Amino acid sequence: MKDVETRPSKYEWVIILAILFASLPLILGFSLLVLSSFSKEMVTNLDLSSFRFTLENWINVFQGKLATTGGIRTNILKVTFNTLVVALGVAGVVTFISALSGYSLSRIDFRGRKHMMVLLLILHAFPGVALIVGVYLLYRLTFPQSPDIIRLYSFFYVILARAALEIPMSVWLMKGFFDTIPWEFEWSGIIDGASRIKVWWKIMLPLIKPGILAVALFAFLAGWQDIIYVRTFLIDQTLATFIEANIEAEYSHMPLIAAAGTLYLLPTIIFFLTAQQILLQGYSGGIKG
């Protein structure tokens with residue numbers, strides 16, 4: 001007897017066609033973006049007569065040229081590195097705090113636990129834009145006086161601010177993963193004399209590796225694609241703010257910006273293609289209350 005519900009094959013095609021039809025605008029938009037990155041002119045519709053293949057856009061992007069003429073250049077490798085620092089920083093902070101908090105909410109019955117769980121869901125409901133005024137006020141109050149550390153501080157602050165938006169839902173997901181681990185595994189470690197922290201590190205974390213990786217991936221993508229907080233608090237550019245700043249610039253060559261946009265998409269596409277099963281486990285792991 002199968003443990004999943006089966007449907008007639010004729011309905012599968014209907015579902016697949018419906019999903020393809022709903023996804024058509026996204027597929028078309030991304031396809032035109034990628035085609036334009038390899039074209040001398042922008043490809044803006046289904047008429048491909050304007051497509052003329054060239055690798056010049058990608059060469060110019062990696063050389064830092066913002067226009068086909070003139071000497072305007074930017075260090076795209078540094079911009080990509082800045083994006084990577086923010087994304088990895090957000091992923092590290094979110095994963096560490098979520099793993100500790102999720103374990104506490106799952107295994108320890110302390111005063112205010114239920115209220116804290118409700119508060120996590122409420123906090124997740126607030127959009128980042130709605131909190132930007134308060135976050136900016138805190139940014140100004142803690143702004144360093146020394147100009148030597150302002151750039152470093154901007155990275156530190158944007159990582160913490162962006163991570164704070166991801167932590168409520170990530171804690172909820174991690175709690176769901178810890179809930180699936182039988183108590184016997186933890187009791188055996190405590191009976192053998194291990195401390196609670198050692199049990200968390202040596203026994204519990206290895207058992208929820210898919211959950212840790214899923215939370216880390218979600219947080220990395222949130223940091224990689226963020227534009228509002230990066231635009232507000234970070235002194236240096238990331239790929240998102242670089243593309244946003246050059247879209248309306250007079251000197252910009254749009255196929256070159258399309259190449260930068262495709263470069264910006266690559267990590268997201270690679271992550272989703274290589275970690276589909278883990279992400280599905282991440283979505284389903286946090287539903288247990």
Side-chain angles (χ1 to χ4, degrees), residues 1-7 12 15 86-126 128 159-225 267-268 270-289:
M1 182 177 179
K2 295 183 178 179
D3 57 351
V4 296
E5 183 184 0
T6 58
R7 296 175 183 274
E12 291 181 0
I15 295 172
V86 173
L88 288 176
V90 173
V93 172
V94 170
T95 305
F96 179 71
I97 294 178
S98 302
L100 281 172
S101 305
Y103 174 76
S104 301
L105 289 172
S106 174
R107 295 309 216 221
I108 302 173
D109 187 16
F110 54 88
R111 180 178 295 180
R113 174 176 172 272
K114 289 185 178 179
H115 294 92
M116 184 173 290
M117 291 169 60
V118 174
L119 184 62
L120 285 174
L121 292 179
I122 295 175
L123 287 175
H124 181 68
F126 282 96
I159 288 172
L160 288 185
R162 196 63 187 83
L165 296 177
E166 300 301 316
I167 283 174
M169 192 61 192
S170 299
V171 171
W172 191 260
L173 288 174
M174 292 299 287
K175 175 189 174 301
F177 279 101
F178 281 116
D179 286 344
T180 62
I181 308 299
W183 275 95
E184 287 77 9
F185 290 95
E186 193 167 355
W187 288 338
S188 63
I190 293 174
I191 291 173
D192 290 339
S195 64
R196 212 60 187 266
I197 291 295
K198 194 170 184 178
V199 168
W200 171 77
W201 178 256
K202 294 285 187 180
I203 298 177
M204 302 299 282
L205 289 188
L207 293 174
I208 59 162
K209 283 181 180 177
I212 295 173
L213 189 53
V215 167
L217 282 175
F218 289 138
F220 179 88
L221 294 177
W224 181 269
Q225 63 193 9
T268 305
I270 293 172
F271 273 136
F272 273 97
L273 289 179
T274 57
Q276 294 180 55
Q277 293 301 322
I278 295 173
L279 292 177
L280 288 173
Q281 291 178 33
Y283 277 122
S284 59
I287 60 175
K288 188 175 180 180

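Small disclaimer: the values here were computed from a predicted structure and weren't measured.
Atom CG of L105 is separated from atom CZ of F178 by 10.5 Å, given to the nearest 0.5 angstrom. Distance check, rounded to the nearest 0.5 Å: CZ of R196 to OG of S104 gives 9.0 Å. Note that CG of L100 is 6.5 Å distant from CD1 of I197, once rounded to the nearest 0.5 Å. Here CD1 of I97 is found 8.0 Å from CG of L160. Values are rounded to the nearest 0.5 Å. Taking CG of D109 as the start and NZ of K114 as the end, the distance is 8.0 Å to the nearest 0.5 Å. Distance check: S106 OG to R113 CZ gives 7.5 Å after rounding to the nearest 0.5 Å.
Under the 4.5 Å side-chain criterion, counting only non-hydrogen atoms from C-beta, R107 is not in contact with W200. With a 4.5 Å cut-off on side-chain heavy atoms, V86 and R162 do not count as touching.
Of all non-hydrogen atoms in V94 and S170, the two that sit nearest each other are CG1-OG, 3.3 Å. Taking every heavy atom of both residues into account, K202 and P206 meet most closely at O-CG, 3.3 Å. Across V90 and I159, no two heavy atoms sit closer than the pair N-CG2, 3.7 Å. Taking each heavy atom of A216 and A91 in turn, the nearest pair found is O-CB, 3.7 Å.
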- Item | Derivation and outcome, side-chain contact (heavy atoms from CB on, under 4.5 Å), residues L88 and F220 | CA-CA 6 Å; L88 288 176; F220 179 88; 3.7 Å; yes
- Trace of the side-chain contact (heavy atoms from CB on, under 4.5 Å) decision for E166 with V93: CA-CA 10 Å; E166 300 301 316; V93 172; over 6 Å; no
- Message: Run the side-chain contact (heavy atoms from CB on, under 4.5 Å) test on E186 and I203 for me, step by step, so that the C-alpha distance in whole Å, both residues' side-chain angles and the decisive distance to 0.1 Å come before the verdict.
- Response: CA-CA 7 Å; E186 193 167 355; I203 298 177; 6.0 Å; no
- Task: Could you walk me through whether M169 and L123 pass the side-chain contact (heavy atoms from CB on, under 4.5 Å) test, one step at a time?
- Result: CA-CA 9 Å; M169 192 61 192; L123 287 175; over 6 Å; no
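Dense packing is recorded around CH2 of W187, with more than 12 heavy atoms of other residues, nucleotides or ligands lying under 6.0 Å away.
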